[in-house]
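First comes the structure, then the notes that go with it.
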Amino acid sequence: MVTKRILARPARPTETAAHGTTVPLVSAADCGLLLLRLTFGLLMAGHGAQKLFGLFGGRGLTATGQYFESLGYRPGTVFAVIGGASEFLGGLGLALGLLTPLAAAALIGVMINAMVTVSAGNGLWVTEQGVEYNVCIAVVALAVAAIGPGRLAVDRFFRWGSGGWPEAALALVLGGIAAAISLTL
């Protein structure tokens with residue numbers, strides 16, 4: 001059986017795998033992960049920019065802070081900065097494949113907060129303002145932490161760049177802790 005996944009990073013454009021077959025330096029999986037990270041990460045960064053800077057039709061920091069106050073987050077502007085910065089920086093981190101477990105943790109934490117304070121009482125489906133959208137975002141972020149960002153990422157040069165159980169656990173635990181802290185303040 002020929003294995004297509006090589007754990008070590010190749011030094012040349014192709015590497016010889018089992019039985020003399022070659023594996024490309026950049027696989028379809030690496031390109032797929034890049035596409036996923038760029039699309040998902042940049043959209044999340046844009047979502048944070050709506051809150052922080054009022055870009056892309058967003059309400060900006062003042063209006064977002066007032067909305068956060070109505071949800072019970074006080075002071076609302078501080079929590080709007082934390083939420084917006086988590087989405088903005090977490091999204092950029094995933095797009096670049098930079099500090100991927102921490103970027104995923106930032107997005108997971110924000111989505112847990114959104115589920116608890118905004119959508120949990122509305123059921124599952126987003127058509128009823130339910131948790132569907134938030135669950136999808138959190139699961140994609142967690143999956144990227146578990147899988148790793150791929151070879152076309154800044155993290156490729158670091159130990160955590162290949163993903164795995166520890167990286168996924170770190171993202172989930174840190175996101176959960178951050179959400180718990182903000183929900184209790």
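Just so you know, these numbers come straight off a predicted model, no measurement behind them.
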Given side chains that start at C-beta, do those of Thr117 and Leu183 come closer than 4.5 Å, heavy atoms only?
yes
Spacing of CD1 belonging to Ile177 relative to CG belonging to Leu172, to within rounding of 0.5 Å:
10.0 Å
Ile108 side, atom CD1; Asn134 side, atom CG - distance, nearest 0.5 Å
12.5 Å
Begin from the C-alpha positions of Asp30 and Leu34 and carry the test side-chain contact (heavy atoms from CB on, under 4.5 Å) through to its verdict.
CA-CA 6 Å; Asp30 293 322; Leu34 177 63; over 6 Å; no
Kindly compute the distance separating CG (Leu96) from CG (Leu38), expressed to the nearest 0.5 Å.
8.0 Å
Quick one: does Glu167's side chain get under 4.5 Å of Thr100's, heavy atoms only?
no
Tell me if a side-chain donor or acceptor on Asn113 pairs with a main-chain N or O of Val110 at a distance below 3.5 Å.
no
Look at the side-chain heavy atoms of Ile, Leu, Val, Met, Phe, Trp and Tyr, link any pair under 4.5 Å apart, and say whether Phe68 and Leu185 land in one connected group.
yes
Check Ile112 against Gly176 and note the closest heavy-atom contact, atom names and distance.
CD1-CA, 3.9 Å
Between Asn122 and Ser119: side-chain donor-acceptor atoms closer than 3.5 Å
no
Leu33 side chain reached by Leu152 side chain, heavy atoms, under 4.5 Å
no
Identify the two heavy atoms, one from Gly41 and one from Leu94, that lie closest to each other, and give their separation to 0.1 Å.
CA-CB, 4.4 Å
Approximate separation, where rounding is to 0.5 Å, of Ile82 CD1 and Thr77 OG1:
11.0 Å
From Thr127 OG1 over to Glu132 CD, what is the distance, rounded to the nearest 0.5 angstrom?
7.0 Å
Taking Tyr67's backbone N and O only, do any of them form a donor-acceptor pair with Ser70's side chain (distance below 3.5 Å, no angle check)?
yes
Find out whether Val135 and Met115 are in side-chain contact, i.e. whether some heavy atom of one side chain is under 4.5 Å from a heavy atom of the other.
yes
Specify the closest pair of heavy atoms between Leu170 and Pro101, including all atoms of both residues, with the distance to one decimal.
CD2-CB, 3.9 Å
Side chain proximity check, Arg74 to Glu69, heavy atoms < 4.5 angstrom
yes
Hydrophobic clusters here meaning ILVMFWY residues chained together by side-chain heavy-atom distances under 4.5 Å, can you tell me if Leu43 and Ile137 are in one?
no
In one Ile/Leu/Val/Met/Phe/Trp/Tyr side-chain cluster, 4.5 Å: Phe158, Trp165:
no
Taking all non-hydrogen atoms of both residues into account, name the closest pair between Phe56 and Gln50 and its distance.
O-NE2, 3.0 Å
Give me the ring orientation class for Tyr73 and Phe79: parallel if the planes are under 30° apart, tilted from 30 to 60°, perpendicular past 60°.
tilted
Using a 4.5 Å cut-off on heavy atoms from C-beta on, say whether the side chain of Trp160 contacts that of Leu99.
yes
Could you tell me whether a side-chain N or O of Thr39 sits under 3.5 Å from a main-chain N or O of Leu36, the two making a donor and an acceptor?
no
Among the clusters formed by ILVMFWY side chains lying less than 4.5 Å apart, do Val154 and Leu35 turn up in the same one?
no
Are the side chains of Phe40 and Leu107 in contact, using a 4.5 Å heavy-atom criterion?
yes
Heavy-atom pair with the smallest gap, counting every atom of Leu52 and Ala80
CD2-O, 4.3 Å
Determine the minimum heavy-atom distance between Gly109 and Ala179, stating which atoms define it.
O-CB, 3.6 Å
Nearest-0.5 Å distance that lies between atom CE in Met111 and atom CD in Glu87:
4.5 Å
